[in-house]
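In what follows, a single structure is set out as structure tokens and then discussed.
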Amino acid sequence: MNGRRTMRGLGLVVLGLLAGTLVACGGGRERRAREPGAAVWATPAAVPLAAETAERLQAAGVVELFLEGGRIENGAGTVRVERLFGAAPRTVGRTMLVVRGRAPEGKSGAEALANELRAVVAEADGRGIRPAGLHLDFDPVPSGLQLIELLGPVRKALPADRLLSVTIPRTALGDRDLPRVAKLTDFWVVFLFGQRPGEAEEFSFWDFYRTEQDARRVDALGEPFLLGVSTLATCSRLGPDGGVREVRTAFRLFPLLVHRGLERVPGSLLLGVDCQVVELRTRSRLGIDGWRLEPKDRLRMVRAPVHLVEELERLAGSWGLARHLGQLFYRLPEAGEGLSLSGAALAAALEPGAATPEIEVAIETLPARSGRLRFRVHLQNRSDLPTEIAALEHNFLTLHAPGARVHDVDLGEFSRYDLARSDARGERRGVLRADEVRLFVPMLEAGAEIVSGPLELIAPGRSQRLLISFDFLLPDGRVLAPPATEWELGN
């Protein structure tokens with residue numbers, strides 16, 4: 001992986017010299033070359049990137065921020081672009097201004113849109129954003145002929161030093177007019193891995209093999225392109241007939257996993273191809289964490305964990321595509337979208353080495369009567385990387401108090417516990433006069449803190465040695481189980 005990224009870095013240095021130069025293309029138009037490198041997509045409501053995260057992303061090869069800056073509104077004979085941007089955000093390299101919405105119809109609609117987009121770019125310049133170009137993300141995406149009619153006036157209205165790109169859906173790769181579309185754009189964005197909200201669920205879109213085959217089809221069309229990758233987690237509520245009733249991107253998984261009114265659907269993990277799928281169902285009417293569930297409703301979470309993004313990066317670097325510029329990651333999370341990959345999680349995926357959560361344990365001592373020691377445990381994930389879900393063999397915290405006896409356990413936010421006593425060889429022998437307690441959680445979400453209730457020991461002295469260890473399953477199959485640390489309770 002290091003070798004691949006080193007060579008890619010050299011390519012960025014050499015090819016980066018081409019940025020800002022003009023390259024001849026078909027139809028007599030001069031096009032600007034977009035340098036290779038990855039990009040991230042963000043809405044104005046995205047959680048702002050920390051300075052350190054932006055630096056890590058740039059160091060890992062991210063050269064561009066796709067910032068949603070406008071929404072197309074079509075009225076009775078009018079076309080308007082609602083401005084969404086404010087002050088210049090913290091970015092990574094250049095900024096491409098994204099304008100989304102339904103495309104206007106006819107030649108007059110295209111001309112009106114072009115005039116609006118010219119004004120949008122000028123306003124963005126005035127706010128200090130100074131976009132490197134404009135990206136059009138039409139929904140629904142027009143046919144090739146309609147795109148040609150739309151892009152012609154936009155190309156003329158756009159300042160000569162700005163890039164123009166457009167989203168091309170994977171379903172349109174067979175359109176015979178795409179080569180003519182390429183004469184009006186500088187590069188394309190083609191979403192080939194995962195799905196964006198609003199698309200009909202199709203698990204084959206999360207298949208690395210299909211992604212490669214589609215990427216080769218795009219490459220054969222001759223237009224430089226960014227490969228769109230969905231890093232946005234979704235949770236869908238499905239009715240008894242399997243129909244989708246509601247889709248959310250802002251949700252928490254932990255409260256659903258620990259709720260006694262929900263149960264895991266057997267085999268739901270196998271629904272995903274190269275993604276994570278978790279499915280839960282209820283047998284009765286239930287309200288939880290903002291969800292209103294009817295009997296036999298199901299909740300289905302779909303996401304791309306960090307290790308699959310790492311694997312996609314490795315694979316894409318081996319495909320040898322001539323026109324592939326890099327990946328565009330859709331999108332940075334907004335508030336409440338904790339299961340989607342954050343900027344820090346993306347940086348970890350793009351950096352050398354396997355991304356690993358940072359888990360810490362702290363002990364809070366509590367008042368206790370003579371001969372007893374009381375305390376509370378804080379288990380914290382200080383990273384943006386969640387653990388995997390596990391129910392039995394992993395995802396627990398162990399507290400071992402040699403010579404003492406566990407008297408009382410209040411789970412607090414943990415899901416269950418078990419007790420044991422270790423013999424002279426360290427083997428667990430059962431619960432009689434237990435000196436060890438294991439606290440379990442189904443998973444540890446990114447940035448989460450799990451706090452126990454009061455735990456009480458009967459100790460032979462005024463102080464007690466406490467050995468703390470944990471065992472967590474990670475999404476890539478590794479187990480995070482560092483050596484035990486020691487904590488001194490009491491005086």
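These values consider heavy atoms only, across backbone and side chains, with no hydrogens, waters or symmetry-generated copies.
Using modelled atom types, no side-chain atom of Asp471 and backbone atom of Ala481 make a donor-acceptor pair closer than 3.5 Å. Arg180 places no side-chain N or O within 3.5 Å of a backbone atom of Gly144 that could act as its donor or acceptor partner. Of the possible polar contacts, none joining the Asp384 side chain to the Ala446 backbone as a donor-acceptor pair under 3.5 Å is found. Judged purely by atom type and a 3.5 angstrom limit, Arg34 uses its side chain to pair as donor or acceptor with the backbone of Gly37. Judged purely by atom type and a 3.5 angstrom limit, Glu358 has no side-chain atom pairing as donor or acceptor with the backbone of Ser383. Without hydrogens or angle criteria, Glu445 side chain to Phe254 main chain gives a donor-acceptor distance under 3.5 Å. Proximity of a side-chain donor or acceptor of Arg323 to a complementary backbone N or O of Gly222 within less than 3.5 Å is detected.
The side-chain tip of Arg127 does not point at the ring of Phe85 from less than 6.0 angstrom away and within 45° of straight on.
Put simply, the side chain of Leu293 reaches to within 4.5 Å of the side chain of Leu262, judged on heavy atoms. Using a 4.5 Å heavy-atom threshold, the side chains of Pro48 and Arg90 count as separate.
Put simply, CE on Met443 and CG on Leu339 are 6.0 Å apart, with the number rounded to the nearest 0.5 Å. Here the straight-line distance linking atom CD of Glu360 with atom CD of Gln380 works out to 6.5 Å at 0.5 Å rounding. In this structure, CG in Leu57 is found 7.5 Å from CG in Leu332, a value given to the nearest 0.5 Å. Note: Arg71 CZ to Asp139 CG = 12.0 Å, rounded to the nearest 0.5 Å. Atom-to-atom distance recorded for Glu223:CD and Leu325:CG is 9.0 Å, nearest 0.5 angstrom. Atom CG of residue Leu280 and atom CG of residue Asp297 lie 12.0 Å apart, to the nearest 0.5 angstrom.
Residues His324 and Phe225 bring their aromatic ring centres within 6.0 Å.
Between Phe66 and Trp41, the angle of the ring planes stays under 30°, which puts this pair in the parallel group of the 30/60° scheme. Ring orientation note: the planes of Tyr330 and Phe191 are nearly perpendicular, at an angle over 60° on the 30°/60° scale.
Partner of Glu334 under the side-chain contact (heavy atoms from CB on, under 4.5 Å) criterion, chosen from Leu232, Thr249, Thr43: Thr43.
Inspection of the Glu201 and Ser236 side chains reveals no N or O donor paired with an N or O acceptor under 3.5 Å. Side-chain contact, Arg478 with Thr356: a donor N or O sits under 3.5 Å from an acceptor N or O. Counted by atom type alone, Glu202 and Gln195 present zero donor-acceptor pairs between their side chains at under 3.5 Å.
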Q.
Would Phe251 and Asp289 count as a side-chain contact (heavy atoms from CB on, under 4.5 Å) here? Give the steps.
A. CA-CA 8 Å; Phe251 65 97; Asp289 209 33; 5.6 Å; no
Q: Any chance you could lay out the side-chain contact (heavy atoms from CB on, under 4.5 Å) test for Leu136 and Leu117, step after step, and finish with the verdict?
A: CA-CA 10 Å; Leu136 299 178; Leu117 294 177; 3.8 Å; yes
Q: Starting from the C-alpha separation in whole Å, work towards a yes-or-no answer on side-chain contact (heavy atoms from CB on, under 4.5 Å) for Ile72 and Val99.
A: CA-CA 7 Å; Ile72 301 171; Val99 175; 3.6 Å; yes
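At a threshold of 4.0 Å, the pair Arg196-Asp137 counts as salt-bridged, since one of the basic side-chain nitrogens sits closer than that to a carboxylate oxygen. Between Glu337 and Arg303 there is no salt bridge, since no side-chain N of the basic residue sits under 4.0 Å from a carboxylate O of the acidic one. A salt bridge links Glu35 to Arg94: at least one charged side-chain nitrogen sits closer than 4.0 Å to a carboxylate oxygen. Under a 4.0 Å N-O distance rule, the pair Arg155/Asp186 qualifies as a salt bridge. Salt-bridge formation is not detected for the pair Asp274/Arg210: no Lys NZ or Arg NE/NH1/NH2 atom is positioned less than 4.0 Å from an Asp or Glu carboxylate oxygen.
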